[in-house]
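One structure is given here, and the rest of the page talks about it.
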2 protein chains.
Amino acid sequence: MSAKHDNLLEEIQNRLENLNKSERKVAEAILRDPSAATRYSIAALARTADVSEPTVNRFCRGFSASGFPDFKIRLAQSIATGTPYVGQNIKPDDSVEEFADKVMLTTMANLDKARQALNPKDLATAIDYLIQAKQINFFGMGGSAPVALDAQHKFFRFNIPVMHYDDALMQRMVAAGSSTGDVIVIISYTGRTKEMIEIAQDALANDATVIGITTPGSPLAEVCTVVLGVTAAEDTEVYMPMSSRIIHLAVIDILATGVTLKRGEGFRNHLKKIKDSLKATRLPPASS
Amino acid sequence: MSAKHDNLLEEIQNRLENLNKSERKVAEAILRDPSAATRYSIAALARTADVSEPTVNRFCRGFSASGFPDFKIRLAQSIATGTPYVGQNIKPDDSVEEFADKVMLTTMANLDKARQALNPKDLATAIDYLIQAKQINFFGMGGSAPVALDAQHKFFRFNIPVMHYDDALMQRMVAAGSSTGDVIVIISYTGRTKEMIEIAQDALANDATVIGITTPGSPLAEVCTVVLGVTAAEDTEVYMPMSSRIIHLAVIDILATGVTLKRGEGFRNHLKKIKDSLKATRLPPASS
DNA sequence: CCCACATGTAGTAACTTTACCCAAATGTAG
DNA sequence: CTACATTTGGGTAAAGTTACTACATGTGGG
């Protein structure tokens, strides 16, 4: 089952510095046009990189492949995963098509990292808490406010009392007034916003459950009951964080899906009824 | 460039019925363990399928590969794309790990569809309108409200007057009060909410620009100045729409990126200053 | 100046493909 | 309905590629 992403291309990139002259030539030839490399024979690649065939072969073995053909297959898989763009940062002179592609592919790559990083056990624990919750509150400030709002929308359909707050004062009040059985989900990219940490501690002091969707290892993560964490490196300093919110949304989707599934068949009908109640406000589907 | 998903495995599955006896034996052998097939030599695969080597070769050519090695590479890519999950819907008895993976992979697949479907020219047009805007308003109701809120957060940093509205009454008032140079971005998954269409028409009547992030071909799309459209099929009827909002967010990311880039270097410093102003509210990065 | 490492040459082994042939099935004419 | 022709499916074996191994040669560091 396990998908174990080799990310061969990334590995080649990383080890580029540690390779000797000829092998670096091979690496560069491959990175120059990875998908072409999958079509080359060992002789063709050797010629392109201007080295001998055994050098290519040694290079392949260096990346723990049994030989050139095996290496080519791993490379092909690595490409299919969308890896070629990963890490390629957006440059000021990119065309619209180029940076649009980069934004999309970077987002996809980050989602994939998140997929691999997320711990199913923690997810399951979080879902269990949410199902048993008397009341759910989503807290997110600044850039995470939309995520909290979205979460409220999704969980609203489960007929558990649910709210979101994007304002520290209200969050503090809710945390102070919480008790056993209340679940507070705190969404924060950095996990280093002082107030959020204090709020989490307040809630915990009142025996509420605190689920953190934040960076693992951050001060906020330290205090949460459960942490659903992802480290998506991005150029936070200058541009705005982009992928992180999308990952957070995806985590919310997973939690919502989990709650739906665990509630069983009867409950899925309830969801359908809510959907149906919205139909009246819409025009009929395109007829032509 | 073009990523053209072959989905070779799917194609083999589909054509299984139309193959003659021996070639079907080959197909079945491959489907039985696709990833093993990528490691086999033609002789090994022939033995496993209990046919001769040329038969395997003919089979490969039948799937428009130049030969067996080429076929193996396409097969490898097909496996790596995560194909097994794409389209596989979530089932009530999935484990947490399974459905979490499916949610993520479905989202990724939809983002990729969006990436290919988005028209760079329309994006460029939208970005131009946004740069020249006197005022930008994001409208989104229900599930699209969080997207509108997120957009406001992102565009707030550009020091253009920007607001979001999630309430039809306010939206109508803003549309009625708009004029040339105002840009209204309407976010709607279905593009069939009656009120939104009327609101769009009001805004257009006042010479405002209306950018629609919605389903192409929908009634709303018909009336917009520019449409940034994506058709992400999902199980809207029972579960809630998930991927669509994430795609919409990604589109917002692209627009924001475009505006940032087009504004040039000086402006990116301005963004950095805003970032810096937030530092004071945070704990320092992990020190250990 | 020598040793060790890096790299290339040439030959061999493995793998793939082509050319050819046989067998079975289907079609056709007597 | 039989007998011959034609097409289709599929295997054998040899030719052609491709990849690997063993060895030779060069080159930089001690």
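No experiment lies behind these values; they were computed from the predicted model shown. Residue numbering restarts at 1 for every chain, and letters A, B, ... go by the order of the sequence lines.
If you take NZ of Lys72(A) and P of dC15(C), they are 14 Å apart, rounded to a whole angstrom. Residue Phe59(A) contributes atom CZ, which lies 14 Å from atom P of dC20(D) at whole-angstrom precision. With rounding to whole Å, Arg47(A) atom CZ is found 16 Å from dG8(C) atom C1'. Straight-line distance from the CZ atom of Arg39(B) to the P atom of dA14(C): 21 Å, rounded to whole Å. Straight-line distance from the CG atom of Asn18(A) to the C1' atom of dA6(C): 16 Å, rounded to whole Å. Rounded to whole Å, the distance from CG on Asp70(B) to P on dT18(D) is 13 Å. Between Phe68(B) atom CZ and dT18(D) atom P there is a gap of 16 Å when expressed in whole angstrom units. One interatomic measurement links the two molecules: CD1 of Ile42(B) to P of dC15(C), which rounds to 11 Å at whole-angstrom precision.
Using a 3.5 Å distance cut-off with no hydrogens or angles, the side chains of Ser52(B) and Thr55(B) do pair a donor with an acceptor.
Note on Lys154(B) versus Asp253(B): salt bridge recorded, some NZ/NE/NH1/NH2 to OD/OE distance being below 4.0 Å. Between Arg24(B) and Glu28(B), none of the side-chain N atoms (NZ, or NE/NH1/NH2) sits under 4.0 Å from a carboxylate O, so this pair counts as no salt bridge.
At a threshold of 4.5 Å between non-hydrogen side-chain atoms, the residues Leu228(A) and Ile254(A) do not count as touching.
Between Phe59(B) and Phe71(B), the ring-plane angle classifies as perpendicular under the 30° and 60° cut-offs.
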Quiz item: Can you give one letter per nucleotide of nucleotides 6-15 of chain D, going 5' to 3': B for a protein heavy atom under 4.0 Å from the base, S for sugar-phosphate only, - for none?
Solution: ---SBBB---
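For Asn57(B) and dT17(C), the shortest distance from a side-chain N or O to OP1 or OP2 is below 4.0 Å. At the phosphate of dA19(D), neither OP1 nor OP2 sits under 4.0 Å from any side-chain N or O atom of Arg61(A).
In this structure, Arg74(B) forms no cation-pi arrangement with Phe63(B), as its terminal cationic atom is not both closer than 6.0 Å to the ring centre and no more than 45° off the ring axis.
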